[in-house]
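See structure below.
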2 protein chains.
Amino acid sequence: MTKLVKGKQNKEVLIEREPIDIESFKKMIRQMGLKVTKQRVHILEAMSEGRAHITAQELFEKLNKKHPEIGFATVYRFLKNMTEHSLVTEVRMGGFPARYELTPNQHHDHLNCTRCGKIVEFENESIEELQLAVAKKFKFKLTGHVLELYGECEQCTNKE
Amino acid sequence: MTKLVKGKQNKEVLIEREPIDIESFKKMIRQMGLKVTKQRVHILEAMSEGRAHITAQELFEKLNKKHPEIGFATVYRFLKNMTEHSLVTEVRMGGFPARYELTPNQHHDHLNCTRCGKIVEFENESIEELQLAVAKKFKFKLTGHVLELYGECEQCTNKE
DNA sequence: ATGTCAATGAAAATCATTATCATTTAAACT
DNA sequence: AGTTTAAATGATAATGATTTTCATTGACAT
């Protein structure tokens with residue numbers, strides 16, 4: 001599965017996502033010290049297929065079609081589990097429901113539409129470098145950052 | 001009223017907040033095209049006195065002591081109003097209740113030491129410009145951003 | 001002073017998320 | 001393979017922040 005993102009120099013690049021099979025799903029679950037259940041495997045499957053950022057509800061509904069036996073409590077619980085183990089990254093925006101993605105191996109930040117909740121991923125090397133410069137100026141060893149841009153997407157602006 | 005913050009060179013600096021009186025509160029309310037009510041004036045008073053970032057509930061409880069006639073719906077409604085008019089800045093963190101502050105006239109971001117909790121405020125025009133460029137690239141009207149850097153400060157690093 | 005429409009407060013509603021708890025099941029152990 | 005046992009599940013209730021509703025009050029233009 002591939003994901004289209006914006007990269008350096010304004011060129012679009014394809015980030016390959018390593019193909020994930022059921023065996024590696026099970027491995028991931030065991031790595032967290034949890035039991036392998038069909039529900040958990042199905043949740044991981046659904047997350048690896050779909051669009052990058054999904055809400056718990058959307059994920060539940062998607063799963064519900066093929067596997068109506070999975071309750072939404074399980075979805076919420078497992079998402080929380082995976083978030084705590086950094087296997088999944090949680091993105092929260094305004095008062096909107098949290099969105100989740102399998103933690104990407106390549107770092108990126110988010111541009112969020114405050115009206116429709118849409119999330120666009122971006123990566124900007126220059127900003128990263130400036131952040132390092134700021135940290136250096138204040139003699140900090142930089143270990144992480146959160147950069148979330150908020151605005152109104154084209155569609156919402158036109159919807160007026 | 002003054003606010004104690006950590007500033008450049010690890011020296012504490014005092015950022016003066018312009019004194020706000022009832023008349024200017026009323027002016028602010030009229031500027032938003034709203035009617036001046038005692039509730040709204042009291043809400044503004046309470047916000048200008050207290051700690052920088054307050055939740056709607058905290059604000060309601062604080063007001064409730066002196067003015068038990070103010071309902072929490074009014075607090076929520078007015079905070080939303082002011083946020084929409086950029087008079088108040090809303091900060092949301094994880095799933096926690098939103099926190100509000102009278103919009104500071106001087107924009108800044110934060111550099112946080114993950115070991116001792118020290119906060120350094122900084123401002124970087126180049127980063128701001130790059131953020132605008134990113135938003136433009138994706139045809140977003142940029143309305144705000146959150147930039148928090150995390151790291152280890154000099155003292156903590158030397159403390160090893 | 002008065003009419004009108006916005007503002008208010010109490011209560012109910014909503015919405016995402018979490019907790020409860022009886023039942024099921026993974027997987028460790030015969 | 002059968003038994004055990006603690007973890008996992010799903011249905012439901014509970015929670016907590018925020019919003020809506022609606023009858024009443026009040027600001028302010030006239």
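The model shown is predicted, which means the values in this text are computed figures rather than measured ones. Only this structure's heavy atoms are used, side chains among them; waters, hydrogens and symmetry mates stay out. In the text below, chain A, chain B and the rest are named by the order of the sequence lines, each starting its count at 1.
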Inset, instruction - Evaluate the side-chain contact (heavy atoms from CB on, under 4.5 Å) criterion for residues Asn81(B) and Glu84(B): first the C-alpha distance (whole Å), next the side-chain angles of each, then the deciding distance (0.1 Å), finally the verdict. - result: CA-CA 5 Å; Asn81(B) 259 326; Glu84(B) 280 159 2; 4.2 Å; yes
Legend entry - Ion pair Arg99(A)/Glu58(A), N-O distance below 4.0 Å: yes
Legend entry - SB check Glu154(A) Lys141(B) (cutoff 4.0 Å): no
Inset, instruction - Would you please test Val146(B) and Leu147(A) for side-chain contact (heavy atoms from CB on, under 4.5 Å) and show each step? - result: CA-CA 6 Å; Val146(B) 171; Leu147(A) 174 57; over 6 Å; no
To the nearest Å, give me how far apart [atom1] ([X]) and [atom2] ([N]) are.
X	N	atom1	atom2	value
Ile70(B)	dT8(C)	CD1	C1'	10 Å
Leu59(A)	dA16(C)	CG	P	15 Å
Glu90(A)	dT17(C)	CD	P	8 Å
Arg99(A)	dA16(C)	CZ	C1'	13 Å
Phe60(A)	dT17(C)	CZ	C1'	14 Å
Arg40(B)	dG9(C)	CZ	P	10 Å

Inset, instruction - Summarise how protein sits on nucleotides 18-30 of chain C as a single string, 5' to 3': B when a protein heavy atom is under 4.0 Å from the base, S for sugar-phosphate-only contact, - for no contact. - result: BBB-----BS---
Please tabulate, for side-chain N and O atoms in residues 127-135 of chain A, each donor-acceptor pair with protein atoms closer than 3.5 Å (sequence neighbours left out).
residue, atom, partner, partner atom, Å
Glu128(A), OE2, His107(A), NE2, 3.1
Gln131(A), OE1, His145(A), ND1, 3.1

Inset, instruction - Give me the first and last nucleotide of DNA chain D, going 5' to 3', that has any atom under 4.0 Å from a heavy atom of chain B. - result: dA17(D) to dC28(D)
Inset, instruction - With sequence neighbours left out, write down each residue that passes side-chain hydrogen bond (donor to acceptor under 3.5 Å, both in side chains) with Glu148(B), or none if nothing qualifies. - result: His110(B), Asn112(B)
Inset, instruction - Go through the structure and list residues passing side-chain hydrogen bond (donor to acceptor under 3.5 Å, both in side chains) with His85(A), not counting sequence neighbours. - result: none
Inset, instruction - Please identify each residue that fulfils side-chain contact (heavy atoms from CB on, under 4.5 Å) with Leu44(A), with sequence neighbours left out. - result: Phe25(A), Met28(A), Ile29(A), Phe78(A), Met82(A), Leu102(A)
